[in-house]
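A quick write-up on the structure given underneath.
All residue numbers in this chain count up from 1 along the given sequence. Counting starts at 1 for both ligands and their atoms, following the listed order. Worth saying up front: this structure is predicted, and the values here are computed from it rather than measured.
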Amino acid sequence: MENPCVTRFAPSPTGLLHLGNARTAFFSWLYARHRGGRFVLRVEDTDAERSTPEHVTALLEDLAWLGLDYDAGPGREDGHGPYFQSARGGHYARAFARLGAEGHAYPCFCTTARLELDRKLQLARGEAPRYSGTCRGLAAAEVTDRLAAGEPAALRFRIPPGVTVRYPDLVRGDQSFESDALGDFIVRRADGSASFLASNALDDAEMGITDVLRGEDHVANTPRQILLLEALGLAAPRYGHLPLLVGPDGAPLSKRHGAASVLDLRREGYLAPALRNLLFRLGHAPAEDGWQTLAQQVAGFRADHLGRAPARFDTTQLRHWQQEAVRHATFADLAAFVPPRVPPVAAESFLAAVRANVVLPADAGRYAEMIYGELGDPPAELRATIVGAGREAYVAALNALDAGADWGGLTAAVRAATGLTGRALFKPLRAALTQALDGPELGPVLLLMPRPLAHARLGAALAACEAAT
Ligand code: GLU
């Protein structure tokens with residue numbers, strides 16, 4: 001049997017988890033879970049200035065909220081860690097020493113200004129910018145002297161010439177790159193820190209990662225990382241590059257498209273299953289349409305159903321899945337949707353009454369006001385609808401209400417007194433009772449509404465009719 005796979009999610013905690021990375025995390029998790037493999041979380045916090053403990057905490061909370069548990073990672077050591085890159089300096093140093101000793105890397109003394117100048121010259125000549133090779137062939141004695149004199153030096157990987165790097169991309173199919181088109185790249189910066197290319201690849205190898213799903217923005221890094229691992233005799237993972245997320249206008253996804261961070265969506269009241277159903281379809285074509293539980297998604301996730309085309313995010317779809325999520329939720333899942341205004345004993349019947357009309361907690365808040373709040377005077381338009389039913393309607397409604405009638409009894413009494421039926425009957429009564437022309441079914445709403453309040457609203461409608469004549 002094939003060895004079980006190990007995937008990982010390797011975020012940089014320099015900001016909040018956004019949808020693109022949430023999808024990468026989810027797909028990597030699904031990939032592992034579908035195959036009975038392991039899922040690892042590695043925090044790439046090498047950017048000491050922009051990485052913060054707050055972002056790490058938020059990240060862990062977002063992943064837990066999404067239901068993405070990890071087998072190894074922060075707080076879950078397994079002997080392949082530590083899982084914070086900031087704690088892995090020793091691992092990198094050993095690899096750099098080997099690269100240097102075996103001639104796969106060399107000290108590079110080029111200053112930023114020098115590199116920038118080379119870049120400009122190359123661009124001016126119409127060439128693709130890459131390291132020009134200034135320090136590639138320095139004599140050993142010169143290197144020793146300059147290092148001894150304390151000149152700052154980065155360590156640069158020596159790309160082997162004339163090699164074709166081939167790898168099968170899990171998403172994009174067979175790829176091939178000519179090494180001659182790649183410039184030597186930095187593995188250790190002059191300040192001693194490991195570069196992204198180095199730390200990311202070394203960690204994958206040392207942590208036994210077999211399969212990597214990551215964003216398309218890393219495609220150009222892959223051949224470099226494969227060559228680096230090869231030089232060290234380490235196995236490279238299988239890579240798959242997920243297409244970019246774009247907005248409805250085809251531009252890279254941003255806040256402008258309503259694509260907030262996972263934390264923002266959580267705060268607005270989006271439910272994790274809604275987000276999972278949305279993400280499941282962004283660049284992955286499920287075999288089955290429609291709502292899926294997490295277990296169904298684990299069973300149905302197919303790496304060969306990952307697509308190359310940019311994946312389009314749309315808030316309409318997000319709302320659609322949120323509606324489905326609310327429909328499928330238990331009462332406990334929706335507890336946070338019940339506004340404080342609703343008496344605790346009525347919480348469950350309130351949710352039952354409104355959930356078909358609720359997408360976000362804010363909607364439930366509006367309905368709670370509608371059922372329990374002070375509504376004030378209705379706007380003119382609504383007033384015309386209310387008054388249209390005539391005073392007899394409200395006299396009958398009030399009598400029925402006082403006699404303890406429910407919604408069925410109340411409408412029957414109004415129908416008998418006025419001859420109104422259908423919309424002509426229901427619309428004014430809804431307007432009088434809730435100051436709205438649509439909303440949740442009125443039967444359950446009237447059961448929830450405190451009787452004195454219903455009485456007062458019908459009484460106000462009666463008064464409005466009398467004032468109008
Ligand atoms: N820290 C990198 C990022 O967030 C990880 C890239 C990768 O998954 O290899 O883009």
I'd like to check L351 versus E348 (side-chain heavy atoms, cut-off strictly below 4.5 Å). Are they in contact?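 No - every pair of side-chain heavy atoms lies 4.5 Å or more apart.
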
According to side chain to side chain donor-acceptor pair (under 3.5 Å), does anything in residues 253-262 pair up with another residue at least two apart or in another chain? List the pairs.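 The answer is D249-R256, D249-H257, S261-D264.
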
Side chains of N221 and Y239: is there a donor and an acceptor less than 3.5 Å apart?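 N221 vs Y239: no donor-acceptor pair found between side chains.
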
Sequence neighbours excluded, the answer for salt bridge (charged side-chain N to carboxylate O under 4.0 Å, His left out) partners of R98 is E102

List in chain and number order the residues that pass salt bridge (charged side-chain N to carboxylate O under 4.0 Å, His left out) with E178, two or more places apart in sequence or in another chain; answer none if no residue qualifies. none

Heavy atoms under 4.0 Å from ligand 1: which residues qualify?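 Contacts of ligand 1 under 4.0 Å: R8, A10, S12, E44, F196, N200, R214, H218.
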
Any ion pair linking R266 and D62 (charged N to carboxylate O, less than 4.0 Å)?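 A salt bridge is present here (some side-chain N lies under 4.0 Å from a carboxylate O).
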
